[in-house]
Protein chains: 2
Amino acid sequence: MPVQKIRKVDEKKKLKHKAIVRAAIEIFAEKGFHNTKIKEIAKMANVADGTVYLYFSTKDDLFIKAFDELISEKLLIMKELINKEDTYFEQLTKFFDYHVKLFTDEPYIARFLSIELRQSTEFYKKYPDYQPIKRYLSFLQEIIEKAIAEGSIRDVDPVTLSYIMFGTMDFVLTEWSTKDQPFALGDILQKVKDILRYGYLSEN
Amino acid sequence: MPVQKIRKVDEKKKLKHKAIVRAAIEIFAEKGFHNTKIKEIAKMANVADGTVYLYFSTKDDLFIKAFDELISEKLLIMKELINKEDTYFEQLTKFFDYHVKLFTDEPYIARFLSIELRQSTEFYKKYPDYQPIKRYLSFLQEIIEKAIAEGSIRDVDPVTLSYIMFGTMDFVLTEWSTKDQPFALGDILQKVKDILRYGYLSEN
DNA sequence: CAATGAAATGAACACAAATTCATTTATTTC
DNA sequence: GAAATAAATGAATTTGTGTTCATTTCATTG
């Protein structure tokens with residue numbers, strides 16, 4: 001097997017690719033898909049407008065790939081973090097915290113997630129295969145299934161619970177990021193976890 | 001007090017206004033804000049392009065007013081329906097059902113709600129006063145407060161519970177409407193209510 | 001039933017922004 | 001280090017669509 005020569009161009013290519021994606025995420029997040037100009041992304045990534053089209057075929061393509069990379073990256077970190085927990089119950093509990101942490105560590109990320117979720121309705125028709133949240137939800141559902149098997153949570157429908165968890169966190173994060181952080185995320189998260197654990201029925 | 005003469009034009013005006021709004025809701029819902037052309041709305045409402053601008057100052061304005069009217073209408077119906085329930089606990093329970101009913105009775109309505117929720121991030125900066133979901137959430141929070149006072153649900157934070165309920169229903173409806181009705185809404189709704197009532201903890 | 005004014009029309013305008021491509025610059029090869 | 005190849009540039013092109021406004025149609029009034 002011949003030693004693969006590492007060409008200078010290839011390194012550069014990867015760097016540019018990354019720079020464009022990062023810039024894209026940031027600006028898409030801030031302004032939404034339709035208010036984002038390729039010019040702006042190019043500028044932030046320090047490349048010419050045309051260069052963007054050497055790496056991505058269209059604006060749609062850039063958006064899709066940017067989001068895909070973001071989700072993949074976050075999912076990877078999530079799996080690493082989660083797998084350190086001893087029980088599946090703990091994994092489920094920590095899922096809330098890590099999700100919020102991962103999608104708020106840079107302030108624009110949460111906005112990108114919520115924007116994307118909506119935009120996806122638009123993309124769904126054009127690109128039926130594009131279901132970026134799916135993997136993320138599947139992972140959550142697996143944890144739920146294991147926690148049920150473990151006996152630490154009761155036998156609820158994993159899909160339903162995943163919708164509740166994700167839908168809630170998404171709405172909370174959307175409110176939070178739209179309204180310029182009107183409430184302490186940690187507090188509300190604690191309350192969410194409490195309600196979802198014990199339900200809202202009176203104890204008696 | 002002189003008897004107000006009902007002028008033919010005034011009636012017509014109201015009719016056109018309504019026709020444009022209805023068309024707007026339907027097309028915005030189907031295509032999202034940016035993929036909707038005024039021309040199309042005009043066509044569906046059976047008016048000329050320019051006529052739209054006699055009733056609404058800009059496309060933004062039309063979108064905002066259309067959504068406002070939709071929410072107002074739905075909220076009104078919701079209040080009527082809900083007030084027939086005897087206990088606040090029942091009101092809270094039925095809120096789920098009515099919400100889903102109201103936003104799925106015409107197939108595009110749910111999509112409009114979810115699109116709007118997202119778009120609002122974009123509009124929020126331009127029009128800070130525009131917070132259409134607020135009234136709806138407030139109403140839900142009032143019911144929660146009363147149910148707590150009544151003693152039928154435990155003393156949870158009303159805002160948090162309203163986020164859980166709304167966020168969950170919104171995500172469920174988004175999935176449902178995006179994916180061309182992949183699951184029976186009634187079934188999943190039942191499961192959602194069960195989890196939120198009793199929580200996901202094991203009974204023992 | 002004229003005369004007046006209001007409402008409606010839709011072709012034309014203006015402009016923003018995605019994409020292209022002829023040209024320039026950088027990298028690799030022998 | 002010269003020739004060949006690859007990458008990058010950004011001005012120019014193209015396209016799409018929100019909005020305007022001169023003109024036409026319709027409604028009201030006395």
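Side chains are part of it too, since the values below use all heavy atoms of this structure and drop only hydrogens, waters and symmetry mates. Lettering follows sequence order; numbering is per chain, from 1. Note that the structure is a prediction, hence the values are computed from the model and not measured.
- The nearest whole Å value for the distance from the CD1 atom in A:I41 to the C1' atom in C:dA18 is 11 Å.
- Looking at heavy-atom distances under 4.0 Å, A:V47 makes contact with sugar-phosphate atoms alone, never a base.
- Ring pair B:F166/B:Y136 is perpendicular by interplanar angle, where above 60° counts as perpendicular and below 30° as parallel.
- In this structure, A:Y55 reaches the D:dA8 phosphate: one of its side-chain N or O atoms is under 4.0 Å from OP1 or OP2.
- In this entry the distance linking CD1 of A:I20 with P of D:dA7 reads 13 Å, nearest Å.
- For A:I27 and C:dA17, the CD1 to C1' distance is 14 Å, given to the nearest whole Å.
- Across all strands, B:S57 comes closer than 4.0 Å to no nucleic acid atom at all (heavy-atom distances).
- OP1 or OP2 of C:dA8 sits under 4.0 Å from a side-chain N or O of B:K16.
- As rounded to whole Å, 10 Å separates atom P of D:dG18 from atom CG of B:N35.
- Residue A:A66 comes nearest to A:V21 through the heavy atom pair CA-CG1, 4.1 Å, listed as atom of the first residue, atom of the second, then distance.
- Heavy atoms only, all atoms of each residue included: B:Y200 and A:I153 are closest at O-CB, 3.1 Å.
- When rounded to the nearest whole Å, the span between NZ of A:K39 and C1' of D:dT9 equals 12 Å.
- Distances were taken from every side-chain heavy atom of A:L54 (C-beta onward) to each of D:dT9, C:dA18, C:dA8; the shortest belongs to D:dT9.
- Rounded to an integer number of Å, the gap from NZ of A:K43 to P of C:dA17 is 14 Å.
- Comparing D:dA8, D:dT19, C:dA8 by their closest approach to the side chain of B:T58 singles out D:dT19.
- For A:I38 and C:dA18, the CD1 to P distance is 6 Å, given to the nearest whole Å.
- Summarising the geometry, the separation between CD on A:E40 and C1' on C:dA18 is reported as 14 Å, rounded to the nearest angstrom.
- Minimum atom distance to the side chain of B:D49 is reached by D:dT19, of the listed D:dT19, D:dG18, C:dA18.
- Applying the ring pair (Phe, Tyr, Trp, His ring centres under 6.0 Å) test between A:F28 and each of A:F67, A:Y108, A:F33 identifies A:F33 as the sole match.
- Taking for each of B:A48 and A:G50 the nucleotide of DNA chain C with the nearest heavy atom, the 5'-most of the two is the partner of B:A48.
- Screening residues 187-198 of chain B for salt bridge (charged side-chain N to carboxylate O under 4.0 Å, His left out), with sequence neighbours left out, gives A:R154-B:D194, A:D157-B:K191, B:D97-B:K193.
- Closest to the side chain of A:Y53, out of C:dT9, D:dG18, C:dT20, is C:dT20.
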